[in-house]
Amino acid sequence: MATAEVFPQSRAQVLSLRWIISARDDLVWFIGSVVSSYALLILYVAGVLPLIPMVALWAILIDAPHVFGTFSRTYFDRAERRNRARLLWGSLLFFVVGPIMVFAGLGLVFFFLAALWAYYHLVKQHYGFMVLYKKKNNDLAPVDNALDCLLLLFAFNYPFVAFIARDPEAMTRVPASLRFGVNGLATILLAGTIVLFVAWLLRQIQRFVGGEVLDVPKYLLLAAAIPMHWIVLLTPMPNKPIAIVAILTIYHNLQYHRLIWFHNQKYTRNSTALTGTAGVSPAATVSESNQNPRQKFGAAELISRRLLYYIAFGILFGIIYQGPRQYLGYINLKNGGGSTGEQSFAMQLGISFLWGYAFIHYYLDSKIWRVRRDPSVGKALNMG
């Protein structure tokens, strides 16, 4: 399904255009869907889209279904439940982390760490897509791997820290002992970003002059993701700590939905391809190759049989998960409890429990997309 095109240029230089799915799908879903973040930003800042409807509809109809996407290929996959039993059932402990910290009087610390992990998760996905493009386009020189990784680390984290430093409401969500260092950290990250971008740019020029392959999909991904984060995080707006969650994340959501749908087509293929999981011998799956997909994968096959099924199950999950969370958030905002310190104990307890869904998603995502360690993932994504 992936396309591979190489165009010769002067000085033996080439442009590599190998895509994860296809040029059209990648450009629309993995790169072009950044337009959704700009659209929400413009509509919200212009006052066309109110805060509560924007966040609630995004959370229930788009964000929660993307969490369900992870569950569709883990908890609902019979083979994954068997092969990753310890990982999947052990991850359910994330539901008790928040309530335990709230009971211990560490609610502010918990919600601060949860926000950091949520933002890290966004950055990690951009890194993951970049790595897939690097593998597809044979862009794996050690110097490029290091520069790409460092550039992402600094270029995404500077605007996030700068936003916290400039926004009084965001600063109230930071533990008091850490507030003194936020401005200094922002300065260091900005300086590091500038230095790394110059070094990264010089390396691309060196590759061009030397006739090395230029990884165009990687460039397009970075050009879409990095400026969007800077623009959103540095643009003044009301209720910014709440609004930017939807604005930043909708791009991430759409990327993920398309990747999940592409991956989950393995559940509907009548193929004898091996579907073993990391750590499971391929020989152990040979006896399963002649099974009906429904017998082999269980509910995952039904969920992915039709796009309408995937959407419907995702929205149902969104109502169950984000419905209560958005209601609690609305009540808290209506009562003027913008910061964690102003929330009631019961409110903190309920919201911290519901964070468990997101934590499981973040954690499982860090384990289930390892192409090198899990051949079945590479095969499902046509990594070659």
For [X], give me all partners under ring-ring contact (aromatic ring centres under 6.0 Å, His included), at least two apart in sequence or on another chain.
X	value
Phe156	His126, His229
Phe68	Phe76, Phe317
Trp200	Tyr219

Side-chain polar contacts of residues 305-315 - donor-acceptor pairs under 3.5 angstrom, sequence neighbours left out - could you list them?
residue: Arg305; atom: NE; partner: Glu301; partner atom: OE2; Å: 3.0
residue: Arg305; atom: NH2; partner: Glu301; partner atom: OE1; Å: 2.9
residue: Tyr310; atom: OH; partner: His257; partner atom: ND1; Å: 2.9

Any donor-acceptor pair under 3.5 Å linking the side chain of [X] with the backbone of [Y]?
X	Y	result
Asn157	Leu153	yes
Asp26	Ile20	yes
Arg373	Trp369	no
Thr249	Ala246	no

Inset, instruction - Check which hydrophobic residues are tied to Ile100 through side-chain heavy-atom contacts below 4.5 Å, counting indirect links as well, and list them. - result: Val96

Inset, instruction - List, by chain and then residue number, the residues other than Val102 in its hydrophobic cluster (Ile/Leu/Val/Met/Phe/Trp/Tyr, side-chain heavy atoms under 4.5 Å); write none if there are no others. - result: Phe103, Phe345, Leu349

Within-4.5 Å side-chain heavy-atom neighbours: [X] and [Y]:
X	Y	answer
Leu214	Val14	no
Phe95	Ile360	yes
Phe111	Ile351	yes
Asp139	Val213	no
Val28	Ser33	no
Leu152	Leu222	yes

Legend entry - Aromatic ring proximity Tyr256/His361, centre distance under 6.0 Å: yes

Legend entry - Contacts of type side chain to side chain donor-acceptor pair (under 3.5 Å), residue Gln322, not counting sequence neighbours: Gln326

Legend entry - Set of residues satisfying side chain to side chain contact (heavy atoms under 4.5 Å, CB included) with respect to Arg203, sequence neighbours excluded: Ala141, Val143, Asp144, Leu147, Gln206, Arg207, Glu212

Legend entry - Residues in side chain to side chain contact (heavy atoms under 4.5 Å, CB included) contact with Leu93, at least two apart in sequence or another chain: none

Legend entry - Ring-face cation contact, Trp89 with Arg84, 6.0 Å cut, 45° max: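 No, Arg84 does not lie over the aromatic ring of Trp89.
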
Legend entry - salt bridge (charged side-chain N to carboxylate O under 4.0 Å, His left out) evaluation trace for Asp215 with Lys134: CA-CA 7 Å; Asp215 186 351; Lys134 286 168 67 67; 6.0 Å; no

Legend entry - Set of salt bridge (Lys or Arg N to Asp or Glu O under 4.0 Å) partners for Lys135, sequence neighbours left out: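 In terms of salt bridge (Lys or Arg N to Asp or Glu O under 4.0 Å), with neighbours along the sequence ignored, Lys135 is linked to no residue.
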
Please set out all donor-acceptor pairs under 3.5 angstrom arising from side-chain atoms of residues 187-197, sequence neighbours excluded.
residue: Thr187; atom: OG1; partner: Asn183; partner atom: O; Å: 3.2
residue: Thr193; atom: OG1; partner: Phe154; partner atom: O; Å: 3.1
residue: Thr193; atom: OG1; partner: Leu189; partner atom: O; Å: 2.7

Inset, instruction - Not counting sequence neighbours, list each pair that qualifies as a ring-ring contact (aromatic ring centres under 6.0 Å, His included) and has a residue in residues 25-50. - result: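 Found Phe30-Phe129.
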
